[in-house]
Structure formats: structure tokens, C-alpha cells
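No hydrogens, no waters, no symmetry mates; every other heavy atom, side chains included, goes into these values. By convention here, the first residue in the shown sequence is residue 1.
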Amino acid sequence: MERPRIVVAHMEGLRFFDETDMTAIAEVGDVLDPEPIGRWDDPRADDLLARAQVILGHWGCPRIDASVLDRAPDLGLVAYAAGTLREVVTADVFTRGLRVTSGADANAAPVAEFTLGAILLAGKDAFWRRELARDLGLFGTKPTPEVPIGNYDRTIGIIGASLVGRRVIDLLRPFPHLSVVLYDPFVTEEAADALGVTKVELDELCATADIVSIHAPDLPSTRHMIAGPQLAAMRTGATLINTARGALVDHDALLAEVDGGRLSAILDVTDPEPLPAGHPLLALPNVVVTPHLAGSEGTELRRMTAHAVEEIRRWVAS
């Protein structure tokens, strides 16, 4: 195969592939229609699927199940330029022997970079001190911290050795004065040593880390894994960072700990998401809520495109 026929599929009304991306995609295959498919009942879908050899997906790609595959007899590759495929690919795709690739590793890079920035700023208590500069009346309203300010001789707790968690660990290597502890029940002591971290249990991590950063998957078993007992174990002045999924944290329990300033939090994800207008977490000076922006945005999307293009190239060569 020299030039596979490609169908682009993602959320309607958005452009995840700009002109530069489309040029890169055109180097490895023929895009059947530059206008992406956002739903499989699109009038163009039957014709495009009948000719497709590759579905190049992105966020909002419509679900690929047996009914879609029946309409795409030549399909051999689903190259997903974004992260999790849970809502996109069904078991039918694997049963029929199609190759599936994901851009999760490419998308992990900006999340890890965001997390590193959040860790270092939290170490300086930068967000609280920004609020204090705006309103001196806040002076003395936080409890006396057990956690000192600074990015020297501190402990960073990483929950989950996921793609993002491992990248955060890598990004922390140039800071040897920061100790890293890890909770992940699937990582052995030997594997933790190889990562350069100390493996601990979750409660110990919460009780000893100055900054706790969550990178676990969103599963029924991980829902509210950070709840009242874990938050209560964190020392006064510690910071919780969540760039994973909002459901991992019990927000009612979190509110009880951050209201009054005992803990601080940096939340790029929430439950629900977004938080409703007037939610108390949005108003607290020791809580920073960002709108799920840690993942790829703007120029960072090009990294995911490049990853998907390379996967198409590899598939053609295989």
C-alpha cells in the first residue's frame, strides 16, 4: 500500500487539524474529504466509509462499532490523535483485527508540563500570595502551616504511574532536592526504584507529601480515592493538584478542608465539570480552578497530529 484513503472524524463545528496539519496528513495518505465527519448519520458517511482505509480521529470522534465497520469493508487502521479511546472504539474493532493507535502519550506531555509548573508554583505558595497582594485583608486568615514555603527539601507525592505520572516524575529529575514518593498498587518496589521514586501506600503519601498530584485513571474503583480520610491526613499547608479526572476527588470532603485555608488545591478537573456558577470552590483564595486546559491546546495539538501521522506511516510500511 502506498497512499491509504483517510477519513477525518471528530467533534462537529471544531477544527483540530489546521492547514499545516492537513499538509502533514496529506504526505502519508489521501484525505477523502477535508471536512471532518462528526456523526455517522452524516449524508457523506456511507460513501466515505465505503472507501476508507484509515479513520483519523480526534476528540469527539463518533463511536466506532459493528454497524460502522460493516459500512467500511476496507478499514484497517483507526489512528486516534487524542487520548483515551474508551468512548470511541468498541470491542468490535479489535475482534475484526483492526489496528488501533492512540495519541495519549503525545497528549500526556502538556499535562505533565502543566503539573510541573503547578508543583513549583505551589511550592512558593504563589497563588495564595497573589491573592494576598490583591487583598491585604487576607493576611493572617490561613492557619499556621506545617509545610514550609520553598522548593528545596520537599516531598512531592505522585498518585498513579500513568503516562502523565511517569512524565511528571521525569520532569522532576532536574530537581534532586525534591523527593518523590509514589502510590500505585501495580508498580513493584523494583520498578519504583528504576523510576527513582519511593513506593508508599496512599495514606502514607497523603500524610507525608507537601504537594500531592493525582494521575490515576478514572475507574469505578478509583472514584473518590481522595476523600475525607486522605485529605484529613494531609498536613496543614499542603497542596492537592488534580489534572486527572474530577471524580477521583470527593469535592465535598475537599471543600471541608480548603474552606478556612487548611489545605490548598489546584484543580484542572472537577466533578461536575464545569462547576456550577457560585460553587464555593470557585471563590476561595487558596483554590485555583482552571477549565481542563492542561491537555493539548493551540500549537500543542500539532504534537498529537504528528504522532498520528507517524502511526499511519508505520501502518503503511508494515
Side-chain angles (χ1 to χ4, degrees), residues 1-11 14-38 48-49 51-64 68-69 72-116 161-171 173 215 217 243 293-318:
M1 183 187 304
E2 293 184 359
R3 293 185 58 80
R5 299 182 297 273
I6 301 171
V7 170
V8 177
H10 63 62
M11 191 179 300
L14 296 176
R15 288 286 180 183
F16 294 125
F17 301 112
D18 63 17
E19 290 185 11
T20 301
D21 294 324
M22 295 303 289
T23 298
I25 296 165
E27 291 178 359
V28 295
D30 297 322
V31 178
L32 297 179
D33 191 331
E35 187 67 27
I37 289 283
L48 293 176
L49 287 172
R51 294 185 286 153
Q53 294 170 296
V54 176
I55 291 178
L56 174 56
H58 213 301
W59 286 312
C61 177
R63 191 171 177 83
I64 303 171
V68 175
L69 298 175
D74 295 331
L75 186 65
L77 171 68
V78 177
Y80 191 57
T84 179
L85 285 156
R86 190 181 308 167
E87 301 301 322
V88 176
V89 171
T90 65
D92 303 305
V93 174
F94 300 102
T95 300
R96 301 195 187 192
L98 275 67
R99 183 175 298 182
V100 179
T101 67
S102 166
D105 187 56
N107 191 48
V111 181
E113 292 163 358
F114 178 95
T115 303
L116 175 64
S162 60
L163 287 173
V164 176
R166 289 170 184 263
R167 279 181 175 265
V168 173
I169 291 169
D170 286 341
L171 290 176
R173 293 189 198 284
H215 305 288
T243 57
L293 56 78
S296 298
E297 292 191 321
T299 59
E300 295 163 341
L301 294 172
R302 196 156 295 150
R303 182 194 282 116
M304 294 199 292
T305 300
H307 185 277
V309 166
E310 183 58 28
E311 293 293 354
I312 295 172
R313 196 188 310 275
R314 289 177 182 174
W315 179 69
V316 170
S318 63

Q.
One pair to check against side-chain contact (heavy atoms from CB on, under 4.5 Å): M22 and E19. What are the steps and the verdict?
A. CA-CA 5 Å; M22 295 303 289; E19 290 185 11; 5.7 Å; no
Q) After noting the C-alpha distance and the side-chain angles of D18 and R302, does the key distance pass the side-chain contact (heavy atoms from CB on, under 4.5 Å) rule? A) CA-CA 9 Å; D18 63 17; R302 196 156 295 150; 2.3 Å; yes
**Q.** L98/I64 under side-chain contact (heavy atoms from CB on, under 4.5 Å): CA gap, chis, key distance, verdict
**A.** CA-CA 11 Å; L98 275 67; I64 303 171; over 6 Å; no
Q: Report the C-alpha distance between R167 and D105 in whole Å, list the side-chain angles of each, state the deciding distance to 0.1 Å, and finish with yes or no for side-chain contact (heavy atoms from CB on, under 4.5 Å).
A: CA-CA 9 Å; R167 279 181 175 265; D105 187 56; 3.3 Å; yes
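Every pair tested for side chain to side chain donor-acceptor pair (under 3.5 Å) that includes a residue from residues 77-87 fails, sequence neighbours excluded, so the list is empty. Within the structure, salt bridge (Lys or Arg N to Asp or Glu O under 4.0 Å) pairs that include any residue of residues 306-318 comprise E310-R313, E310-R314, E311-R314 (at least two apart or interchain).
By the 4.0 Å N-to-carboxylate-O rule, E35 lies close enough to R15 to be salt-bridged with it.
Although no hydrogens or angles enter the test, the distance criterion places a donor-acceptor pair under 3.5 Å between the side chain of R3 and the main chain of A26. N107 contributes a side-chain N or O that, together with a main-chain N or O of S296, makes up a donor-acceptor pair within less than 3.5 Å. T243 places no side-chain N or O within 3.5 Å of a backbone atom of V111 that could act as its donor or acceptor partner. A donor-acceptor pair is defined here as one N or O able to donate and one able to accept, closer than 3.5 Å; such a pair exists between the side chain of R166 and the backbone of A161.
Atom-to-atom distance recorded for T299:OG1 and L301:CG is 8.0 Å, nearest 0.5 angstrom. From I6, atom CD1 reaches atom CG of L32 across 8.0 Å, with rounding to the nearest 0.5 Å. To the nearest 0.5 Å, the span separating CD on E297 from CZ on F114 amounts to 9.5 Å. Atom CZ of R5 sits about 10.5 Å away from atom CG of L75, to the nearest 0.5 Å. Rounded to the nearest 0.5 angstrom, L49 CG and D74 CG are separated by 11.0 Å. From D33, atom CG reaches atom CG of L48 across 5.5 Å, with rounding to the nearest 0.5 Å.
Classified by interplanar angle (parallel below 30°, tilted 30° to 60°, perpendicular above 60°), the ring pair F16/H58 is parallel.
In terms of heavy-atom proximity, A52 sits nearest to V7 at CB-CG2, 3.5 Å. Among all heavy-atom pairs drawn from R96 and L69, the shortest one is NH1-CB, 3.5 Å. Shortest non-hydrogen contact noted between M304 and A81 is CB-O, 2.9 Å. In plain terms, the two heavy atoms of P4 and I312 that are nearest each other are CG-CG2, 4.1 Å. Nearest heavy atoms, R303 versus A106: CD-O, 3.3 Å. Taking all atoms of both residues into account, the shortest heavy-atom contact from S102 to L85 is CB-CD1, 3.7 Å.
Among I55, V88, V93, the one residue that satisfies the side chain to side chain contact (heavy atoms under 4.5 Å, CB included) test with V100 is V93.
In this structure, the side chains of V309 and E27 stay at 4.5 Å or more apart for every pair of heavy atoms. By the 4.5 Å heavy-atom criterion applied to side chains, V316 and V28 are not counted as neighbours. In this structure, the side chains of F17 and L56 come closer than 4.5 Å at one or more pairs of heavy atoms.
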